[in-house]
Novice: 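Attaching a single structure in structure tokens format; questions to follow.
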Amino acid sequence: VQLQASGGGLVQAGGSLRLSCAASGRTFKGYAVGWFRQAPGKEREFVGVIMWSNSTWYGDSVKGRFTISKDSAGTTVALQMDRLKPEDTADYYCAARPGLWSPNAAHYDFWGQGTQVTVSS
């Protein structure tokens, strides 16, 4: 699965951004699609994941502020980020793995390129 992430940018604290992850040439059927982020000098962190069934799970640091959804065609997954904080600043990555979801980045086989999110205070 080839993934294309987009939508990063600069936003003030309290604002919103929406990231997208598009699958090239196929749907996400049978895959868990996760979002991860990595800030400079830090390890890659689990943000959340969506299953083909539209079940979702989120990391504790974003729960209640971020929402993951999938379009009706099943080819694009969005990460809606609200009430952004400066500590949300990072490169954001989408990733996919067949079957069950995992919060461990090492378990994902396919990765999109990172998209940078900067939240100013």
Side-chain angles (χ1 to χ4, degrees):
V1 180
Q2 286 188 311
L3 306 177
Q4 180 73 34
S6 61
L10 172 65
V11 65
Q12 287 189 329
S16 299
L17 273 178
R18 186 177 181 87
L19 307 183
S20 292
C21 178
S24 176
R26 61 156 296 149
T27 70
F28 285 119
K29 185 174 184 178
Y31 285 79
V33 181
W35 286 95
F36 294 82
R37 66 186 183 185
Q38 189 164 20
K42 295 189 175 182
E43 293 189 353
R44 196 161 290 191
E45 177 189 11
F46 172 73
V47 173
V49 66
I50 188 166
M51 301 298 292
W52 181 252
S53 64
N54 288 325
S55 297
T56 53
W57 290 264
Y58 298 94
D60 288 341
S61 62
V62 306
K63 205 172 292 183
R65 300 187 298 122
F66 290 11
T67 304
I68 299 175
S69 61
K70 177 164 47 66
D71 70 348
S72 58
T75 59
T76 302
V77 167
L79 174 65
Q80 177 67 37
M81 304 184 292
D82 298 317
R83 304 201 306 277
L84 282 160
K85 304 175 182 180
E87 51 264 44
D88 294 318
T89 295
D91 289 329
Y92 282 71
Y93 300 85
C94 62
R97 71 184 301 264
L100 300 178
W101 73 279
S102 169
N104 188 335
H107 294 166
Y108 286 76
D109 303 300
F110 307 99
W111 289 84
Q113 84 287 5
T115 183
Q116 190 172 49
V117 172
T118 303
V119 184
S120 63
S121 57

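Side chains included, hydrogens not; waters and symmetry mates left out as well; all remaining heavy atoms used.
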Novice: Go through it in stages, so that I can follow the logic: the residues are D88 and K85, the test is salt bridge (Lys or Arg N to Asp or Glu O under 4.0 Å), and I'd like the CA-CA distance, side-chain angles, deciding distance and then a yes or no.
Specialist: CA-CA 5 Å; D88 294 318; K85 304 175 182 180; over 6 Å; no
Novice: Which atom pair, heavy atoms only, marks the closest approach of V49 to A32?
Specialist: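 Closest heavy-atom pair between V49 and A32: CG2-CB, 4.0 Å.
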Novice: Taking I50 as the starting point, is it possible to reach M81 by hopping between hydrophobic residues whose side chains are less than 4.5 Å apart?
Specialist: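 Yes, because M81 and I50 connect within a single hydrophobic cluster, where side-chain heavy atoms sit under 4.5 Å apart.
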Novice: In sequence, state the C-alpha distance, the side-chain angles, and the governing distance for S69 and R18, and then conclude on side chain to side chain contact (heavy atoms under 4.5 Å, CB included).
Specialist: CA-CA 11 Å; S69 61; R18 186 177 181 87; 3.8 Å; yes
Novice: Heavy atoms only: give me the nearest P86-A13 pair and the separation to one decimal.
Specialist: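 That closest heavy-atom pairing would be CD-CB, 4.0 Å.
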Novice: Does the ring centre of W35 sit less than 6.0 Å away from the ring centre of Y58?
Specialist: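 Ring-ring flag for Y58/W35: false, centres at least 6.0 Å apart.
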Novice: Do S24 and Q4 have side-chain heavy atoms sitting under 4.5 Å apart?
Specialist: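 No, every pair of side-chain atoms sits at 4.5 Å or beyond.
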Novice: Starting from the C-alpha separation in whole Å, work towards a yes-or-no answer on side chain to side chain contact (heavy atoms under 4.5 Å, CB included) for L19 and F66.
Specialist: CA-CA 11 Å; L19 307 183; F66 290 11; over 6 Å; no
Novice: Under 4.5 Å between any side-chain heavy atoms of R37 and V62, yes or no?
Specialist: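 Yes, at least one pair of side-chain atoms sits under 4.5 Å.
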Novice: Centre of W111's six-membered ring, under 6.0 Å away, within 45 degrees of the axis: is that where NZ or CZ of R44 sits?
Specialist: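 Judged by the rule (NZ or CZ under 6.0 Å from the ring centre, within 45° of its axis), R44 counts as positioned above W111.
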Novice: For K42, look at atom NZ and say whether over 12 heavy atoms of other residues, nucleotides or ligands are found less than 6.0 Å away.
Specialist: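 No - once you tally the heavy atoms of other residues, nucleotides and ligands closer than 6.0 Å, there are 12 at most.
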Novice: Would M51 and Y31 satisfy side chain to side chain contact (heavy atoms under 4.5 Å, CB included), going step by step from the backbone distance to the final call?
Specialist: CA-CA 7 Å; M51 301 298 292; Y31 285 79; over 6 Å; no
Novice: Could you check whether any side-chain heavy atom of W52 comes within less than 4.5 Å of a side-chain heavy atom of T27, counting everything from C-beta outward?
Specialist: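 A side-chain contact under 4.5 Å exists here.
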Novice: As an exercise, state the distance from CG of L10 to CG of L17, rounded to the nearest 0.5 Å.
Specialist: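 Going from the CG atom of L10 to the CG atom of L17 covers 8.5 Å.
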Novice: Looking only at non-hydrogen atoms, find the nearest pair between L3 and F110 and report the distance.
Specialist: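 Closest pair (atom of L3, atom of F110, distance): CD1-O, 3.6 Å.
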Novice: Are E45 and F36 packed together at the side-chain level, in the sense that at least one heavy-atom pair is separated by less than 4.5 angstrom?
Specialist: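 A side-chain contact is absent here, since even the closest heavy-atom pair is not under 4.5 Å.
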Novice: Just verifying a value: how many Å separate K70 NZ and S53 OG, rounded to the nearest 0.5 Å?
Specialist: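 The distance works out to 7.5 Å.
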Novice: Rounded to the nearest 0.5 Å, how far apart are CH2 of W101 and CZ of F46?
Specialist: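 Answer rounded to 0.5 Å: 4.5 Å.
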Novice: In terms of heavy-atom contacts, does CD of Q2 have more than 12 from other residues, nucleotides or ligands at under 6.0 Å?
Specialist: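 For Q2, atom CD is not crowded (no more than 12 foreign heavy atoms under 6.0 Å).
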Novice: Could you go step by step and tell me if T115 and D91 meet the side chain to side chain contact (heavy atoms under 4.5 Å, CB included) rule?
Specialist: CA-CA 5 Å; T115 183; D91 289 329; over 6 Å; no
Novice: Could you grab the distance from atom CG of D71 to atom OG of S20, nearest 0.5 Å is fine?
Specialist: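 Going from CG on D71 over to OG on S20, the span is 9.0 Å.
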Novice: Does a side-chain heavy-atom distance below 4.5 Å link F28 with T75?
Specialist: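 F28 vs T75: side chains apart.
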Novice: Can you name the closest pair of heavy atoms from A90 and A39 and give their distance?
Specialist: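 Closest heavy-atom pair between A90 and A39: CB-N, 3.8 Å.
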Novice: Evaluate the side-chain proximity of T89 to V117: yes if any heavy-atom separation is below 4.5 Å, no if none is.
Specialist: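 The answer is no, as the side chains (C-beta and beyond) never meet within the 4.5 Å cut-off.
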Novice: Roughly how far, to the nearest 0.5 Å, is CG of L84 from OG of S120?
Specialist: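 Those atoms lie 10.0 Å apart.
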Novice: Would you say the side-chain atoms of R97 pair up with the backbone N or O of H107, donor to acceptor, closer than 3.5 Å?
Specialist: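 Yes, the answer is positive, given that a donor and an acceptor are paired below the 3.5 Å cut-off.
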